[in-house]
Amino acid sequence: MMNSKCVVFAAAMAAATCGVCAAQQMTAPPKVLVVQEEYLKPGKAGSIHDRSESGFVQAMTRAKWPTHYVALNSLSGRSRAVFLMGYDSFADWQKDNDAQQKNTVLAGELDRLDAADGELQTEFDQYVLVYQPDMSLRVNADLSHARFMEVSVFHLHPGHHKDWTDAVKMVIDAHQKAGTSANWAMYEVEYGGGDEYVLFSADKDMAEIDQGFAEDKKFIEAMGPDGMKKLDELAAACIESSRSELFQINPRQSYAPPEWVKANPEFWKPKPMSAPAAKASEKPQDVKTHQQ
């Protein structure tokens, strides 16, 4: 029987069902992925955070900024928003940062927005990840029709990267043999953590999550009893801890590439948010003053 670590490992990869990672390009995942996490105060998610983040989107749009990003809102775990920004290299990331600093109008606007958005947060964290193509499967970087993102994080025991590599290869081979619908992009945490890998899998709808779990049987059959035993041993040896979370892609908080917007404008160009409803104690002239 598989231990709990192996169950999470196999389930996370077996449930990866469609496409996968935020990218500036539509043809391949970015080689460098900058991940920012904003942990929100109670009651500060939803439309309140949407309005705050829309300021960043509007600022980037006015500047016609070439670097795009995707926002994920948590459907499990702690309340948070995760922003994914992709680059072809670390040098390109530096060029983007340098260009923002030289654009004093944009830089000043982003500083002002950061200060206001910070009032909604309890914590902020940032990680830098590097794409691992040999550990990824059937990657499709086009998120134009994606709605959800499954993210699994694996923290390894030091010195067990060979066991991890062997385990991932076994899982990929079994999915290919079984002909499942599994797709994912694997990243290694280069900065902000250590001995960690992050698996991203995008879904067009939650039915694809159901499909991934329904294909567990095909995966186990393709692996075979001896293969499952070996996977159990490798996972127990290399995985110190793991967790999986589900996120919803939020178009209001995303600065999406124009190709995605063109392919699915109904999703990526939502209707403008209405102004907050006036309190019963407010007079009409008070409402007008607030809107000015």
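Model, not experiment: these values are computed from the prediction. Position 1 is the first residue of the sequence, and the numbers go up from there.
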* From CG (L120) to CG (L40), nearest 0.5 Å -> 7.0 Å

* Asked: When rounded to the nearest 0.5 angstrom, what is the spacing between OH in Y39 and OG in S74?
  -> 9.0 Å

* Do the side chains of M170 and L234 get nearer than 4.5 Å, heavy atoms only? -> yes

* Please state whether the rings of H157 and H160 are parallel, tilted or perpendicular, taking 30° and 60° as the class boundaries. => perpendicular

* Contacts of Q100 that satisfy side chain to side chain contact (heavy atoms under 4.5 Å, CB included) - sequence neighbours left out -> M60, W65, D96, L106, L110

* So if you build clusters from Ile, Leu, Val, Met, Phe, Trp, Tyr with side-chain heavy-atom gaps below 4.5 Å, do F124 and V128 land together? -> no

* Go through the steps to decide whether D50 and N250 satisfy the test side chain to side chain contact (heavy atoms under 4.5 Å, CB included), and finish with yes or no. => CA-CA 9 Å; D50 281 350; N250 188 336; 2.8 Å; yes

* To do: Check whether any side-chain heavy atom of V32 lies under 4.5 Å from a side-chain heavy atom of D88, and answer yes or no.
  => no

* What residues form a salt bridge (charged side-chain N to carboxylate O under 4.0 Å, His left out) with K229, not counting sequence neighbours? -> none

* To do: Could you please spell out the steps behind the side chain to side chain contact (heavy atoms under 4.5 Å, CB included) verdict for F219 and V171?
  => CA-CA 8 Å; F219 169 82; V171 173; 3.9 Å; yes

* Would you check if Y69 and L84 make a side-chain contact, meaning some heavy-atom pair closer than 4.5 Å? => no

* Asked: Does a side-chain heavy-atom distance below 4.5 Å link D98 with Q94?
  -> yes

* To do: Under the side chain to side chain contact (heavy atoms under 4.5 Å, CB included) rule, what do V35 and Q126 come out as? Steps first, then yes or no, please.
  => CA-CA 6 Å; V35 181; Q126 181 164 304; over 6 Å; no

* Could you go through the side chain to side chain contact (heavy atoms under 4.5 Å, CB included) check for D92 and K95 one step at a time? => CA-CA 5 Å; D92 285 339; K95 289 177 183 178; 3.9 Å; yes

* How would you list, by chain and number, every residue that makes a side chain to side chain donor-acceptor pair (under 3.5 Å) with Y191, sequence neighbours excluded? -> none

* Asked: Any idea which heavy atoms bring A45 and S79 closest together, and the distance?
  -> CB-OG, 3.9 Å

* Partners of D125 by side chain to side chain donor-acceptor pair (under 3.5 Å), sequence neighbours excluded? -> Y127

* Spacing of NE2 belonging to H145 relative to CD1 belonging to I249, to within rounding of 0.5 Å -> 12.0 Å

* Asked: Going by the salt bridge (charged side-chain N to carboxylate O under 4.0 Å, His left out) test, which pairs reach into residues 172-187, not counting sequence neighbours?
  -> K169-D173

* Asked: So do M85 and L33 actually touch side chain to side chain, heavy atoms under 4.5 Å?
  -> no

* Structure fact -> For K41, the side chain to side chain contact (heavy atoms under 4.5 Å, CB included) test, sequence neighbours excluded, returns K44, T122

* To do: Could you tell me whether K218 atom NZ has more than 12 heavy atoms of other residues or ligands within 6.0 Å of it?
  => yes

* **Pairwise side-chain contact, M206 with D210, heavy-atom cut-off 4.5 Å (strictly under)** => no

* Donor-acceptor side-chain pairing of Q121 and D117 below 3.5 angstrom -> yes

* Rounded to the nearest 0.5 Å, how far does CH2 of W184 lie from CG of L137? -> 4.5 Å

* Asked: What residues, two or more places apart in sequence or in another chain, satisfy side chain to side chain contact (heavy atoms under 4.5 Å, CB included) together with E221?
  -> K217

* Asked: Between S144 and N264, which heavy-atom pair has the shortest distance, and what is it?
  -> O-ND2, 3.1 Å

* Asked: So among S152, S76, S201, which one has a side-chain hydrogen bond (donor to acceptor under 3.5 Å, both in side chains) with S244?
  -> S152

* Asked: Are a donor atom and an acceptor atom from the side chains of T180 and H175 found within less than 3.5 Å of each other?
  -> yes

* Structure fact -> Between E38 and the options E53, Q253, E123, the side chain to side chain contact (heavy atoms under 4.5 Å, CB included) test singles out E53

* **Test side chain to side chain donor-acceptor pair (under 3.5 Å) applied to E196 - qualifying residues, sequence neighbours left out** => none

* With R80 via salt bridge (charged side-chain N to carboxylate O under 4.0 Å, His left out) - residues at least two apart -> E37, E245

* Does anything in residues 105-114 pair up under side-chain hydrogen bond (donor to acceptor under 3.5 Å, both in side chains), and if so which pairs, sequence neighbours excluded? -> E109-R112

* Asked: Do the side chains of K269 and V261 get nearer than 4.5 Å, heavy atoms only?
  -> yes

* Contact summary for A59 and L113, nearest pair of heavy atoms -> CB-CD1, 4.2 Å

* To do: Please work out whether the ring planes of F83 and H49 are parallel, tilted or perpendicular, with thresholds of 30° and 60°.
  => perpendicular

* To do: Let me see the working for F267 and W260 under ring pair (Phe, Tyr, Trp, His ring centres under 6.0 Å), right down to the final yes or no.
  => CA-CA 9 Å; F267 177 71; W260 295 358; over 10 Å; no

* D166 with K162: basic N within carboxylate O range, under 4.0 Å -> yes

* How are the rings of Y131 and Y187 set relative to one another: parallel (under 30°), tilted (30 to 60°) or perpendicular (over 60°)? -> tilted

* To do: Enter the distance from E208:CD to N183:CG here, rounded to the nearest 0.5 Å.
  => 9.0 Å

* **Nearest atoms (heavy-atom pairs only) where V139 meets S136** => CG2-CB, 3.5 Å

* Grab the two heavy atoms, one from W164 and one from M186, that are nearest each other, plus how far apart they are. => CZ2-CE, 3.8 Å

* Asked: Side chains of Q36 and V82: does their closest heavy-atom pair fall under 4.5 Å?
  -> no

* Contacts of type side chain to side chain contact (heavy atoms under 4.5 Å, CB included), residue T165, not counting sequence neighbours -> M135

* Between H155 and G194, which heavy-atom pair has the shortest distance, and what is it? -> CE1-O, 3.2 Å

* What residues form a side chain to side chain donor-acceptor pair (under 3.5 Å) with H161, not counting sequence neighbours? -> D195, Y197

* Asked: Is it true that the side chains of S181 and E215 contain a donor and an acceptor less than 3.5 Å apart?
  -> yes

* Point-to-point distance, once rounded to the nearest 0.5 Å, from CG of D203 to CD of Q211 -> 9.5 Å

